[in-house]
> 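I'd like to ask you about the structure that follows.
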Amino acid sequence: MRGVIDSAAVERGRVDERARQRGRVRAEFWEGVRDSAPACIGAIPFGMLVGVAALAAGFPPWLAMFSSFLVLAGASQLAAIQLIAVGAPLPVAVASAAIVNLRLAMYSAALAPHFRRLSPRTQWLAAFLLTDHAFAISLARFQRNPPLERPERYYFGVGSALWAVWTGSTVVGVAIGHRLPMDGPLGATGGFVLLALMVAALRSRPQVVAAVVAAAVAVLGAGIPYRLGLIVAAAAGIVAGMLAERFR
Amino acid sequence: VNATLVLLIAVVAIAALTFAIRLSMIAVFTQREIPRLLENALRYVPAAVLTALVAPEFLAPKGVLDLSLANHKLVAGVLVAGVAWKTKGSLAALLVGIAALYALSALSG
C-alpha cells in the first residue's frame with residue numbers, strides 16, 4: 001500500500017518537473033526574443049533601405065519583399081541589388097551575394113555543437129535563421145551564466161524575431177521608404193549594432209589582434225572584385241588571432 | 001525574356017546558395033567532433049568576421065581610408081564602441097550612435 005502511494009507521488013513529481021522544464025524552455029525562447037531587441041531596432045532602417053534599393057533596381061514590390069523573406073541576409077541582398085542596378089550580369093550578382101555570405105559557414109561551424117540534439121528538419125530551420133546578429137547574440141549568451149537548458153530555443157527566439165522584423169521592415173520600405181531620408185543617420189543603424197556586438201565579442205588579447213588585422217585587410221581589400229575582400233579579411237583575422245595566441 | 005522572371009531566378013539562386021552555406025557546417029559538425037585546429041580557429045570567428053564586415057563602413061565610408069574628424073561615421077563609431085564596451089550591450093550604443101550622427105551633421109551645417 002505504502003509503495004503504491006509513493007510511486008503515485010513520484011509520478012506526480014515527475015509530471016511537475018516536466019511542466020517546470022517546459023516552462024523554462026519557453027522562457028528561454030522569449031529571453032532570446034528580448035535580447036534581439038536592439039538588433040531588431042537596428043535592422044528596421046536597413047531592411048527598409050534594402051526595400052527601397054530593390055525597387056530602384058527594377059524589382060517589382062512583391063519580389064523585393066519576397067527576397068528579404070527568403071534570403072534574410074542584408075549585406076548580400078544589397079550587394080546583389082547594387083550590381084543589378086548598374087546592369088551587371090545576373091550570374092555576377094548571384095556570385096557576389098554568395099561570396100558575401102560565405103562567412104555564414106564559419107558561424108554554422110561555431111554553432112553546430114549547440115545544435116546536436118536537434119532533428120535534421122529542425123537543424124534546417126536553424127540554418128535558415130542563421131544571420132550575423134543571431135550568431136553573435138546567441139554565442140555571447142551561450143558563453144554567459146546561468147547556462148541555458150535548451151540553447152537552441154534561445155537561438156530560435158533571437159532568429160525568428162530578427163526574421164520577422166527584417167521581412168516586415170522591407171515591406172515598410174517598399175511601401176513608404178521612398179518618402180523617407182534613407183541616406184542620413186538612420187541608414188547607419190545596422191552597422192552600429194554589428195559594431196556593438198563585435199566589441200562585446202572581444203574578450204582576450206588574441207581576439208583584439210584578430211579584429212585589428214581583419215579591419216585592416218577589409219579596408220585594404222575593399223576593391224577586390226566579387227566582394228572577396230570580406231572573406232579574405234575574415235580569414236586573415238582568424239589566422240592572426242591564432243598566431244597571437246601561440247606567440248603570446 | 002521576362003525581366004521579373006529573371007530577377008526571381010536570381011533571388012531564388014541567392015537564397016538556395018545562402019541556405020546551403022548556412023546549413024553546411026551545421027550538417028557536418030552535429031554528426032562528428034570538430035577537429036582541434038578548427039576549434040581553435042572558431043574562437044576568432046566573432047571578432048574577425050564581424051570586424052571584417054563593419055570596418056569598411058566606419059574606416060572608409062567613401063571607399064578610401066578616412067581617419068579624419070570629418071568622417072562622421074568614424075567619430076560616431078568610436079563612441080558606439082566605447083558605450084558598447086562599458087555597457088556590454090547594444091541598445092545604448094545604438095542610440096548614442098544615431099544621436100552622434102545627427103549632432104555631427106547639425107554641427108557641420
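To find a chain, count down the sequence lines: A is the first, B the second, and so on, and within it residues start at 1.
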> Could you grab the distance from atom OH of A/Tyr107 to atom CD1 of B/Ile26, nearest 0.5 Å is fine?
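Output value for this atom pair is 13.0 Å.
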> Check each atom of B/Glu39 against the heavy atoms of chain A and say whether the ones under 4.5 Å are side chain, backbone, both or neither.
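Neither part; nothing is under 4.5 Å.
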> CZ of A/Phe115 to CE of B/Met25: how many Å apart, nearest 0.5 Å?
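Taking CZ in A/Phe115 and CE in B/Met25, the distance rounds to 14.5 Å.
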> Would you name the heavy atoms of B/Tyr44 and A/Ala210 that are closest together and state the gap between them?
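Answer, listing the atom of B/Tyr44 first, then A/Ala210: CD2-CB, 4.0 Å.
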> Go through B/Ala100, B/Gly89, B/Gly77 and name the one with the most non-hydrogen pairs under 4.5 angstrom from chain A.
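The candidate making the most pairs under 4.5 Å is B/Gly77.
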> Counting only non-hydrogen atoms closer than 4.5 Å, does A/Ala97 touch chain B with its backbone (N, CA, C, O), its side chain (CB onward), both, or neither?
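Just the side chain, heavy atoms under 4.5 Å.
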> Looking at A/Gly223, A/Ala215, A/Ala233, which makes the most heavy-atom pairs under 4.5 Å with chain B?
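That would be A/Ala215.
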> Quick check on A/Leu111 against chain B: is it the side chain, the backbone, both or neither that has a heavy atom closer than 4.5 Å?
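A/Leu111 has no heavy atom closer than 4.5 Å to chain B.
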> Where is the tightest heavy-atom contact between A/Val71 and B/Val11, given as atom of each residue plus distance?
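Nearest heavy atoms, A/Val71 then B/Val11: CG2-O, 4.1 Å.
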> Run the side chain to side chain contact (heavy atoms under 4.5 Å, CB included) check on B/Thr4 and A/Trp62 step by step: do they pass?
CA-CA 10 Å; B/Thr4 300; A/Trp62 69 268; 3.8 Å; yes
> What pair of heavy atoms forms the shortest contact from B/Leu94 to A/Gly42, and how long is it?
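It is CD2-N, 4.0 Å.
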> Where is the tightest heavy-atom contact between B/Leu7 and A/Gly58, given as atom of each residue plus distance?
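Shortest heavy-atom contact: CD1-O, 3.7 Å.
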> Does any N or O in the side chain of A/Ser108 come within less than 3.5 Å of the main-chain N or O of B/Arg22, such that one atom is a donor and the other an acceptor?
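Checking the backbone N and O of B/Arg22 against the side chain of A/Ser108, a donor-acceptor pair under 3.5 Å is found.
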> Drop me the distance from A/Thr189's OG1 to B/Leu95's CG, to the nearest 0.5 angstrom.
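A/Thr189 OG1 to B/Leu95 CG: 10.5 Å, rounded to 0.5 Å.
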> Quick check for you: among B/Val49, B/Leu38, B/Leu17, which has the greatest number of heavy-atom pairs under 4.5 Å with chain A?
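Most heavy-atom pairs within the cutoff with chain A belong to B/Val49.
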> Do you know which two heavy atoms are closest between B/Ala60 and A/Val219, and how far apart they sit?
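Looking at all heavy atoms of both residues, the shortest contact is CB-CG1, 4.2 Å.
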> Using a cut-off of under 4.5 Å for heavy-atom pairs, which of A/Ala211, A/Ala235, A/Gly237 has the most such pairs with chain B?
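Top count of heavy-atom pairs under 4.5 Å with chain B: A/Ala211.
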> Quick one: pull up OG1 in B/Thr51 and CG in A/Leu197 and give me the separation to the nearest 0.5 Å.
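Interatomic distance, B/Thr51 OG1 to A/Leu197 CG, rounded to 0.5 Å: 11.0 Å.
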> Could you tell me which of A/Arg203, A/Met198, A/His114 has the largest number of non-hydrogen atom pairs under 4.5 Å with chain B?
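The option with the most such pairs is A/Met198.
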> Drop me the distance from B/Leu5's CG to A/Leu63's CG, to the nearest 0.5 angstrom.
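Going from CG on B/Leu5 over to CG on A/Leu63, the span is 10.0 Å.
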> For B/Ala41, is it the side chain, the backbone, both, or neither that has a heavy atom closer than 4.5 Å to a heavy atom of chain A?
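Both parts, heavy atoms under 4.5 Å.
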> Does any heavy atom of chain B fall under 4.5 Å from the side chain of A/Pro206, the backbone, both, or neither of them?
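Both backbone and side chain.
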> Relative to chain B, which segment of A/Leu139 carries a heavy atom at a distance below 4.5 Å: side chain, backbone, both, or neither?
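Side chain of A/Leu139 only, per the 4.5 Å heavy-atom cut-off to chain B.
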> Can you give me the closest heavy-atom contact between A/Ala127 and B/Phe19, atom names plus distance?
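Closest approach of A/Ala127 to B/Phe19: CB-CE1, 4.0 Å.
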> Under a 4.5 Å cutoff for heavy-atom pairs, which residue among A/Val239, A/Leu230, A/Leu70 has the most contacts with chain B?
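With the most close heavy-atom pairs to chain B, the winner is A/Leu230.
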> Pick whichever of B/Leu42, B/Leu53, B/Val64 has the most heavy-atom pairs under 4.5 Å with chain A.
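The answer is B/Leu53.
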> For chain A, find which of B/Ala48, B/Ala55, B/Pro61 contributes the most heavy-atom pairs closer than 4.5 angstrom.
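Most heavy-atom pairs under 4.5 Å with chain A: B/Ala48.
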> So does B/Arg43 get a backbone contact from the side chain of A/Gln207, meaning a donor-acceptor N/O pair under 3.5 Å?
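Yes, A/Gln207 side chain to B/Arg43 backbone: donor-acceptor pair under 3.5 Å.
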> Checking A/Ile84 against chain B: side chain, backbone, both or neither under 4.5 Å from a heavy atom?
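For A/Ile84, the contact with chain B is made by the side chain alone.
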> Is it the backbone or the side chain of B/Ala20 that comes under 4.5 Å from a heavy atom of chain A, or both, or neither?
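Neither; nothing under 4.5 Å.
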> Out of B/Ala84, B/Gly63, B/Ala93, which one racks up the most heavy-atom pairs below 4.5 Å with chain A?
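The option with the most such pairs is B/Ala84.
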> Please rank A/Phe66, A/Trp124, A/Phe135, A/Phe59 by heavy-atom pairs under 4.5 Å with chain B and give me the top one.
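Answer, by heavy-atom pair count under 4.5 Å with chain B: A/Trp124.
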> Checking heavy atoms, do the side chain of B/Leu37, its backbone, both or neither come under 4.5 Å from chain A?
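Both backbone and side chain.
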> Rounded to the nearest 0.5 Å, how far apart are CD1 of B/Ile21 and CZ of A/Arg103?
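Result: 9.5 Å between the selected atoms.
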> Tell me, for A/Ala80 versus chain B, whether the close heavy atoms (under 4.5 Å) come from the side chain, the backbone, both or neither.
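Looking at A/Ala80, just its side chain touches chain B.
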> May I ask you to name which of B/Leu8, B/Leu59, B/Asn40 has the most heavy-atom pairs under 4.5 Å with chain A?
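Option with the greatest count: B/Leu8.
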